[in-house]
Student: 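Pasting in a structure now, in structure tokens, and then I'll have a few things to ask.
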Amino acid sequence: MRIALIAHDGKKADMVHFLSGFKDRLLGADIRLFATGTTGSHIERAGFEVEKLMSGPYGGDAQIAAMAAEKKLDLVIFFRDPLDKHPHEPDVQMLMRICDVHNIPLATNLASAKLMFKQITTDFANGE
């Protein structure tokens with residue numbers, strides 16, 4: 001399972017808190033984590049192994065979109081901050097479109113991410 005993780009600045013702490021709630025289940029599973037640069041640094045400091053790409057505004061969102069288009073991802077979790085402006089919004093929209101085009105599950109908030117992770121970690125626990 002290959003999962004991309006992205007969080008806008010105002011949501012990075014939420015991402016780390018979210019992942020920490022699944023830490024025991026994630027560490028034992030065959031899951032590879034990828035993240036945009038700054039988000040990845042926060043995740044790494046929380047004790048997770050993560051492959052860091054470029055920062056979102058510098059092309060990280062586009063890198064993740066390319067991975068999705070090439071079927072190199074199974075899931076994208078993107079904690080967006082809908083109340084703030086982002087200079088790389090065209091890249092964000094492109095990533096969301098690519099996930100839709102290639103049928104890559106995309107969670108953009110905590111509630112949907114929890115549902116997806118509960119299912120994934122249950123499947124791994126059951127050997128699926």
Side-chain angles (χ1 to χ4, degrees):
M1 173 74 53
R2 299 154 304 179
I3 302 172
L5 304 164
I6 311 164
H8 282 147
D9 287 344
K11 301 288 184 175
K12 292 187 190 319
D14 292 342
M15 177 66 78
V16 170
H17 182 72
F18 163 72
L19 288 173
S20 295
F22 289 93
K23 193 169 194 172
D24 292 340
R25 296 183 200 179
L26 287 173
L27 293 179
D30 185 21
I31 296 175
R32 289 183 60 198
L33 301 177
F34 300 87
T36 50
T38 311
T39 300
S41 294
H42 286 265
I43 292 167
E44 201 171 56
R45 283 194 296 274
F48 292 93
E49 187 174 319
V50 60
E51 184 175 325
K52 292 183 287 187
L53 305 171
M54 287 185 256
S55 177
Y58 290 96
D61 299 332
Q63 283 182 296
I64 289 176
M67 292 173 72
E70 295 171 356
K71 303 289 189 191
K72 293 180 180 177
L73 293 174
D74 301 299
L75 172 65
V76 176
I77 307 275
F78 189 168
F79 285 177
R80 300 174 62 226
D81 186 350
L83 302 177
D84 202 2
K85 290 187 178 186
H86 305 284
H88 55 110
E89 190 63 28
D91 291 341
V92 171
Q93 293 301 317
M94 183 237 346
L95 170 60
M96 294 171 69
R97 187 180 76 71
I98 292 292
C99 287
D100 287 344
V101 167
H102 294 282
N103 205 30
I104 306 291
L106 170 67
T108 60
N109 60 56
L110 182 60
S112 59
K114 280 184 180 179
L115 286 172
M116 289 181 189
F117 260 53
K118 283 180 183 176
Q119 184 63 49
I120 289 166
T121 56
T122 298
D123 288 350
F124 274 104
N126 293 331
E128 296 179 25

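All values below were derived from every heavy atom in this structure, side-chain atoms included, with hydrogens, water molecules and symmetry-related copies excluded.
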Student: Taking Glu51 for the side chain and Arg32 for the main chain, is one N or O donor matched with an acceptor at less than 3.5 Å?
Tutor: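 Between the backbone of Arg32 and the side chain of Glu51 there is no qualifying donor-acceptor contact (under 3.5 Å).
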Student: Compare all side-chain heavy atoms of Phe117 with those of Ile3 and state whether any distance is below 4.5 angstrom.
Tutor: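 A side-chain contact exists here, since the closest heavy-atom pair is under 4.5 Å.
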Student: Can you name the closest pair of heavy atoms from Thr36 and Gly56 and give their distance?
Tutor: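 Answer, listing the atom of Thr36 first, then Gly56: CB-N, 3.9 Å.
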Student: Are the side chains of Leu19 and Leu5 in touch, meaning some heavy atoms are under 4.5 Å apart?
Tutor: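 With C-beta onward as the side chain, the pair touches.
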Student: Quick one: which of Thr38, Leu83, Val92 gives a side-chain contact (heavy atoms from CB on, under 4.5 Å) with His8?
Tutor: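 That would be Val92; it is the only one of Thr38, Leu83, Val92 passing the side-chain contact (heavy atoms from CB on, under 4.5 Å) with His8.
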Student: Can you check whether Met94 reaches Asp91 side chain to side chain, under 4.5 Å on heavy atoms?
Tutor: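 Contact flag for Met94/Asp91 side chains = yes.
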Student: For residues Asp14 and Leu110, determine if any side-chain heavy atom of one lies less than 4.5 Å from a side-chain heavy atom of the other.
Tutor: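 No, too far: nothing below the 4.5 Å cut-off.
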Student: Provide the closest heavy-atom pair for Ala35 versus Ile43 in the form atom of the first, atom of the second, distance.
Tutor: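 Closest approach of Ala35 to Ile43, heavy atoms only: CB-CD1, 4.2 Å.
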Student: Does Phe18 have Lys114 sitting over its ring (NZ/CZ under 6.0 Å from centre, angle to axis within 45°)?
Tutor: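 So Lys114 doesn't make the cation-pi contact.
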Student: Of all heavy-atom pairs between Met116 and Ala107, which one has the smallest distance, and what is that distance?
Tutor: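 So the minimum-distance heavy-atom pair works out to SD-CB, 3.8 Å.
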Student: Do Lys12 and Phe79 make a side-chain contact, defined as non-hydrogen atoms from C-beta onward lying under 4.5 Å apart?
Tutor: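 No, too far: nothing below the 4.5 Å cut-off.
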Student: Determine the minimum heavy-atom distance between Ala46 and Val16, stating which atoms define it.
Tutor: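 Closest approach of Ala46 to Val16: CB-CG1, 3.6 Å.
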Student: Closer than 3.5 angstrom, by distance alone: can the side chain of Thr39 be matched with the main-chain N or O of Ala7 as a donor-acceptor pair?
Tutor: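 The answer is yes, because a donor-acceptor pair under 3.5 Å joins these two groups.
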